[in-house]
Amino acid sequence: METKYIFVTGGVVSSLGKGIISSSLANLLIARGYRVTIQKFDPYINIDPGTLNPYEHGECYVTVDGHEADLDLGHYERFTNIRTTRANNVTTGRIYQSVIDKERRGDYLGKTVQIVPHITDEIKRNVKALGNTGQFDFVITEIGGTVGDIESLPFIESVRQLRWELGNNCVCVHLTYVPYIAAAKELKTKPTQHSVKQLQEVGIQPDILVLRTEKNVSPEMRRKIALFCNVAPEAVIQSIDVPTIYQVPIKMHEQHLDELVLKRVGLPTDGEPNMKPWLHFLDKMAYAEKTVRIGLVGKYVELQDAYKSINESLFQAATYNDRKLKLEYIHSEKLNDANVDERLNGLDGVIIAPGFGQRGIEGKFVALKWCREHDVPTFGICLGMQCMVIEFARNVLGLAEANSTEMDHATPYNVIDLMEEQKSISNMGGTMRLGAYDCVLRDNSRAAQAYGKTNISERHRHRFEFNNSYRDSFEQAGMKCVGENPATHLVEVVEIPEKRWYIGTQYHPEYSSTVLSPNPIFLSFVKAAVDYSEEKNK
């Protein structure tokens, strides 16, 4: 069948959850047997979010092919179990870079290069690139930002053009906000009316309206919105706050979002999506009574989205271990020898978060020393793993000045160092070791037991590596290098076997953890934390 295109736009305010609605719709269509992919178009001029501070844009997500992407791609993968690539995330910067490169090569044959048609043609080419592969029945395109933003106008104009070109193979879903005015005890529809009007002014009539709200929007109010916005009354649905984002696909199906889309593109709506595995996960979540307490030590803990994939991976692993997750954020800048016992005592497990740079690093060393000496299940990810290595070098190997050359260029014991091929690189963007790499795990290591196999592939985002010159010293002192890349022999996993569970991974396992395929190393870590909790309670 011809590929169908669904566009998801947002109005009134940002951060309404376009990514969650897009992911939920994809989830339902996949459960009906369709082949679906999702892409995010971001209106900022950065080439990708790789150089953006987490305070600006939350977590930077990495795809299997090594593209640094928007965190919404993490939602796409967690909800759908599909793997995204560079083609699934496009920014204004990428669009302009491509057009300017073509202009410099002379591809436009001396024509004046303009927003319309050259920029919009490039956007449309990117929208249809995934559909043109013949691999997908549906391509869902989420347009970042809010309708009316100057930055997103070229994307909205491209959607308008595609609307005409694609005809019945195109659906426009618009997500808006219905605020509740507490003083008046009323929901207000005017912002939604204005938002749709702005969309109509640029030539787009939405087919479906999704209303984000904290309070129930009555049928009468929905009919009023339908009347003012030229949308069928049954195509005005609400996305009310729910305890967990993973309930959203069920709520959307209850209001027939998947059927509305199928009807709009002329596909049959009979039958039900197969949601059994998803409902099994929700049941486990609902029936979990006991709690597992995990501490996350990092320097961005005040920012909800900075560790989004880790948070969700822990939540999935806790659910499959029949536990409610109680995640406690511990600011590494505020952690020291004087307060570490008070902050970490009582936790069932500790994660040392990834990151870059010197800030907050000493607090991570303090946490690791305490966890290692008190034998608390501990998981270090990327920089967290490197901190494990440095702390062990300082306090077990006796190399008091051991460090990473990222933190101290002059360290006499560079147990973590820059890869040779990285030493001549001056650009920051897209120049790290990025994407999925193979790793071979040592037989009978705790990591191999967790995965149930020795050959794995996980995603990376880093420059600095374990220095193999020190490998023998670490092995002899009890920290084993149990995972390595088969091509380069770079160390990927370290563990201390004599501890309950003390493992560091140079890679980011959180990027490949989904609701229906939780990452095995997270499952193993949380299981160790649960066992430790039960042991303490005895």
Charged N to carboxylate O under 4.0 angstrom, Arg433 versus Glu465? yes
Cationic N near anionic O, under 4.0 Å, Asp137 to Lys4: no
Identify whether the distance between the nearest side-chain nitrogen and carboxylate oxygen of Lys102 and Glu122 falls below 4.0 Å. yes
Is Arg86 salt-bridged to Asp65, cutoff N-O under 4.0 Å? no
Determine whether the side chains of Glu458 and Tyr451 contain a donor N or O and an acceptor N or O closer than 3.5 Å. yes
Taking atom types as modelled, find out whether Thr37 and Asn88 have a side-chain donor-acceptor pair closer than 3.5 angstrom. yes
Testing Met252, Met275, His253 for side chain to side chain contact (heavy atoms under 4.5 Å, CB included) with Asn27, which one passes? Met275
Could Arg160 and Glu165 be called an ion pair, given the rule that one side-chain N must be under 4.0 Å from one carboxylate O? no
Heavy-atom closest pair (Pro273 atom, Asp258 atom, distance to 0.1 Å) is CG-OD2, 3.9 Å
Polar side chain donor-acceptor pair, Tyr61 to Glu77, under 3.5 angstrom: yes
For the residue pair Thr9 and His174, confirm or rule out a side-chain donor-acceptor distance under 3.5 Å. yes
CZ/Arg105: more than 12 non-hydrogen atoms of other groups inside 6.0 Å: yes
Quick check, are the ring centers of Tyr307 and Tyr329 under 6.0 angstrom apart? no
N-O pairing of Arg163 and Asp207 below 4.0 Å: yes
Test item: Thr92 side-chain N/O and Pro43 main-chain N/O as donor-acceptor pair under 3.5 Å: yes
In a check of side chain to side chain contact (heavy atoms under 4.5 Å, CB included) between Leu325 and each of Asn311, Thr319, Val526, Ile294, which one passes? Ile294
One thing to verify: whether Glu68 and Arg461 come together as a salt bridge, which I'm taking to mean a side-chain N less than 4.0 angstrom from a carboxylate O. yes
Return yes when atom CG of Asp241 has more than 12 non-hydrogen atoms of other residues, nucleotides or ligands closer than 6.0 Å, and no otherwise. yes
Would Asn81 and Thr514 count as having a side-chain donor-acceptor pair, cut-off 3.5 Å? yes
Identify which one of Glu142, Gln39, Lys40 satisfies the side-chain hydrogen bond (donor to acceptor under 3.5 Å, both in side chains) criterion when paired with Tyr76. Glu142
Check against side chain to side chain donor-acceptor pair (under 3.5 Å), Thr405 and Asp417: CA-CA 5 Å; Thr405 50; Asp417 203 356; 2.7 Å; yes
Give, for atom NE2 of His508 and atom CG of Leu383, the distance between the pair rounded to the nearest 0.5 Å. 9.0 Å
Does the side chain of Leu282 reach to within under 4.5 Å of the side chain of Tyr246, using non-hydrogen atoms? yes
For the residue pair Trp501 and Ser524, confirm or rule out a side-chain donor-acceptor distance under 3.5 Å. yes
Greater than 12 external heavy atoms within 6.0 Å of Leu516's CG: yes
Would Arg471 and Glu484 satisfy salt bridge (Lys or Arg N to Asp or Glu O under 4.0 Å), going step by step from the backbone distance to the final call? CA-CA 12 Å; Arg471 194 162 174 167; Glu484 67 167 39; 2.8 Å; yes
May I ask you to check whether Ser313 and Asn519 show a side-chain donor-acceptor distance below 3.5 Å? no
Can you see whether Gln161 engages Glu157 through a side-chain donor-acceptor pair at a distance of less than 3.5 angstrom? yes
Salt bridge between Lys124 and Asp121, side-chain N to carboxylate O under 4.0 Å? yes
Under 3.5 Å, is there a donor-acceptor pair between the Arg78 and Ser309 side chains? yes
Count the heavy atoms belonging to other residues, nucleotides or ligands that lie under 6.0 Å from NZ of Lys527, then report whether that count exceeds 12. no
Val159 and side chain to side chain contact (heavy atoms under 4.5 Å, CB included): which single residue from Thr141, Leu166, Ile143 fits? Ile143
Gln449 CD: over 12 foreign heavy atoms closer than 6.0 Å: yes
Nearest 0.5 Å, please: how far is CD1 in Ile390 from OG1 in Thr411? 8.5 Å
